[in-house]
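Values reported hereafter were calculated over all heavy atoms of this structure, with side chains retained and with hydrogens, waters and symmetry mates removed. Chain identifiers are assigned alphabetically (A, B, ...) following the order of the sequence lines, protein sequences preceding nucleic acid strands; residue numbering begins at 1 within each chain.
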There are 2 protein chains.
Amino acid sequence: MSILIKDVEWNSKPTDIYIEGNRIVEIAKEIHKPADKIIDGKRKAVIPGFVNCHTHAAMTLFRGFGDDMPLRPWLEDRIWPNEAKLTEDDIYWGAKLACLEMIKTGTTTFFDMYHGFHATATAVQDMGLRATLAGTCFDHFKPHLTEKCKRESEALLASMGQYSDRLRYAIGPHAIYTVSGELLKWAHQFASANNILVHLHLSETKGEVEDSIKQFGCSPVRYLHKLGVLSPNLVIAHGVYVDDEELRLLADYGVSVVHNPASNMKLGSGIRFLYDEMKKYAIRVGFGTDGCASSNNLDMIEVMKLTALLGKGWRENPVVLSAEEMFESATKTGASILNVDAGCIAEGALADIALVDLNTPAFTPNFNFISNLVYSANGNCVDTLICDGKVLMEDKKVDGESEILENAGKRAYDLISR
Amino acid sequence: MSILIKDVEWNSKPTDIYIEGNRIVEIAKEIHKPADKIIDGKRKAVIPGFVNCHTHAAMTLFRGFGDDMPLRPWLEDRIWPNEAKLTEDDIYWGAKLACLEMIKTGTTTFFDMYHGFHATATAVQDMGLRATLAGTCFDHFKPHLTEKCKRESEALLASMGQYSDRLRYAIGPHAIYTVSGELLKWAHQFASANNILVHLHLSETKGEVEDSIKQFGCSPVRYLHKLGVLSPNLVIAHGVYVDDEELRLLADYGVSVVHNPASNMKLGSGIRFLYDEMKKYAIRVGFGTDGCASSNNLDMIEVMKLTALLGKGWRENPVVLSAEEMFESATKTGASILNVDAGCIAEGALADIALVDLNTPAFTPNFNFISNLVYSANGNCVDTLICDGKVLMEDKKVDGESEILENAGKRAYDLISR
């Protein structure tokens, strides 16, 4: 299968792009080669697909189910009792809805963390996206559950042969307040031995830091350091509360951090995310939407805008957190964190790309495309999405869209009335 | 002209709405009456059109022209020299582009502040929106300019007969650091005598407050109080830095405040806007996008989301600033501030309404429509816009759209190379 995109804007110039199999093979002013499919790129700009480094895809079923509530009643009355009722089919359709939304807003790769691993994996497989799926572990500090988590994680890793190589497995110890040090250490060794990632919520709230100091005698990053589990395989979600010494530790061990501005703001977790400081320490910072239960959509363009606005806002400085940096975090850095050979438009890279419709007010005038993309547009500007060399959306249309909306909606309503 | 909207969702129920002339005349479960136009509302929800209470429409020409820059070089090197070159035609096409974007994102009424009054007025007239246009005054504390501003303001007011009654004139003294106390007092009297609004930037930055104390011996709101110009006709944009006593003054005199979260964040002006406190004092708080030179788009749904997220964020409280409150500020309160009989779906109200397409991921599932609208959707969810009983957009298409994008884009590029 080959695709030729004609006259698409790239670095402000009309460009042709040739895709063969799942790779970009040529980028030139004019390409004259036969192709199975030709896409007219006029008045469109090409960008790498976004990499959403932290979400809980199936939780899209809980979108808007309990906003503006205090944290405990929201979790205890709304989320947990309904999560307990989720079937594999619910998770499958919830994850499909999430994939549909990601395709429509320009995301080609995501890092998920949830239970019901195979249901999510099947949804991603069917929808054509690329994903690393962290199988969530909780042992609640109970040794028999620790062993159960280990066996389940081994089984998940061993099961990956059945899926496309667009899918990868990661281990997902939920958080330091739900997972024992023993399991964190095992996850670290298991990940190193098998060259997979570890995904962990960390330093999300002040309460978590206070509890860590009470329970473990030190703050969360120091606790992980004491356990010996800091490593380049570790990707932490949130990292809102970290001090200078912890930044140095994250940098020294090559740990990556995923910023989720919408959920950090909406849940009142904290707004002073140290993007600039992390960049200075050369810590890789990717972006995530978090799950739709807490932050309502999966739009990575909105994440870029929120990150820049919030960062400029609390620092009272219009110069920091530029549009270019936001774009890099949402594409190239995200791809680097997930070890995916994408996140840029380059010969040889994976053909994970999106075309943006420039024929809209958001891109008029278009003095600076990246600036318009980050500050003026939103995810709906994406017109065409290609992942792994396959067209998943063209002219804003995705195959099977109505069926997904109908089934996912129906399952969400059924679930809460069950 | 009559319009019948069939089966549209309103308060979660399928509803028929009958519009005659420029008013909603009937809302019922089923209406069987002949109409000049019938709109199928199935899988759509009806909302009042948004009221954008602070913008500079023609500045849409400067979208993305100098983001991430320090304030002074941005103003001195980018904005001011190019503003000085603006012709009436530039302003006309810039304002038309702004109107197009507002129509496409669900805004029916806006409060503008700019020079080139007649160019903007003509654009609004042609595009079919409703607007109050504040003619900007600057006298830079020079008496001969004070007199000039007075005469110009009188002339603008006198000229309104040539426009549709969708358009209203307001006086727009720019700010306390560019306008003398004498002119502020005159504007206040002129507004009271003619029952028009006064629009003023106030308490936007810390620097403005410090300068006010230095120059006038007190903070901005106290200075206005001393001048005797606080009144229900006064609408201040920003109001980021106000203390308790100033809140009481604003409340006592019925002054309205317009919150512009995107520009406050992006320019680093300040993030601790006192929405909750203002509501407790019964101060009317409307929302604005500000101009596209500073905050890049005119999407009022984004403003609702930013306000809620930022307010919850800096207060570290997920319960405050609910989706319902955001929606009320963006519709009903905005309409009340501008004295427009709209902002709600009610028999007898002006037919200024938008239909939202529910057949999208953003509204799936749809447990809480307002929550999805504020937290999950963006301005692109709007499918149909009716203003003053006329259909300005249907199926996301606006008459003359391509011509506006082309002309406005061309004028923006020409302008900066002139």
Checklist entry - Listed by chain and number, what are the side chain to side chain donor-acceptor pair (under 3.5 Å) partners of B:D383, not counting sequence neighbours? => result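 Expected list: B:K44.
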
Within a radius of less than 6.0 Å around [atom1] of [X], do more than 12 heavy atoms belonging to other residues, nucleotides or ligands occur?
X	atom1	answer
A:D77	CG	yes
B:K42	NZ	no
B:K396	NZ	yes
B:D89	CG	yes
A:K85	NZ	yes
B:R418	CZ	yes

Hey, which of [options] has the most heavy atom pairs under 4.5 Å with chain A?
options	value
B:I404, B:I416, B:N368	B:I416
B:P361, B:G313, B:S269, B:G268	B:P361
B:L100, B:L71, B:N366, B:L306	B:N366

Using a 4.5 angstrom heavy-atom cutoff, name the option from [options] with the most pairs to chain B.
options	value
A:T105, A:L321, A:N264, A:T360	A:T360
A:S371, A:P365, A:A98, A:G66	A:P365
A:A377, A:A362, A:P261	A:A362

Whether the side chain of [X] engages the backbone of [Y] through a donor-acceptor N/O pair (distance < 3.5 Å, no angle test) should be reported.
X	Y	answer
A:Y375	B:K266	no
A:S376	B:N296	yes
B:D68	A:A323	yes

Which atoms of [X] approach chain A - backbone, side chain, both or neither, heavy atom under 4.5 Å:
X	answer
B:A262	both
B:T205	neither
B:D299	side chain
B:R63	both
B:S402	neither
B:N317	backbone
B:E302	side chain

Checklist outcome for this item: Contacts of B:D414 meeting salt bridge (Lys or Arg N to Asp or Glu O under 4.0 Å) (sequence neighbours excluded), chain-then-number -> B:K410

Separation between [atom1] of [X] and [atom2] of [Y], rounded to the nearest 0.5 Å:
X	Y	atom1	atom2	answer
B:E101	A:T364	CD	OG1	9.0 Å
A:K305	B:M265	NZ	CE	9.5 Å
A:L309	B:L267	CG	CG	9.0 Å
B:L405	A:L358	CG	CG	11.0 Å
B:I370	A:D67	CD1	CG	12.0 Å
A:E316	B:I271	CD	CD1	7.5 Å

Next on the checklist: Can you classify the ring geometry of B:F65 versus A:F367 as parallel (below 30°), tilted (30 to 60°) or perpendicular (above 60°)?
Outcome noted: tilted

Next on the checklist: So for A:S295, is it side chain, backbone, both, or neither that comes closer than 4.5 Å to the heavy atoms of chain B?
Outcome noted: backbone

Item to check | Side chain / backbone / both / neither for A:L298 at chain B, heavy atoms under 4.5 Å | outcome: neither

Checklist entry - Does a donor on one side chain and an acceptor on the other come within less than 3.5 Å for A:N380 and B:N378? => result yes

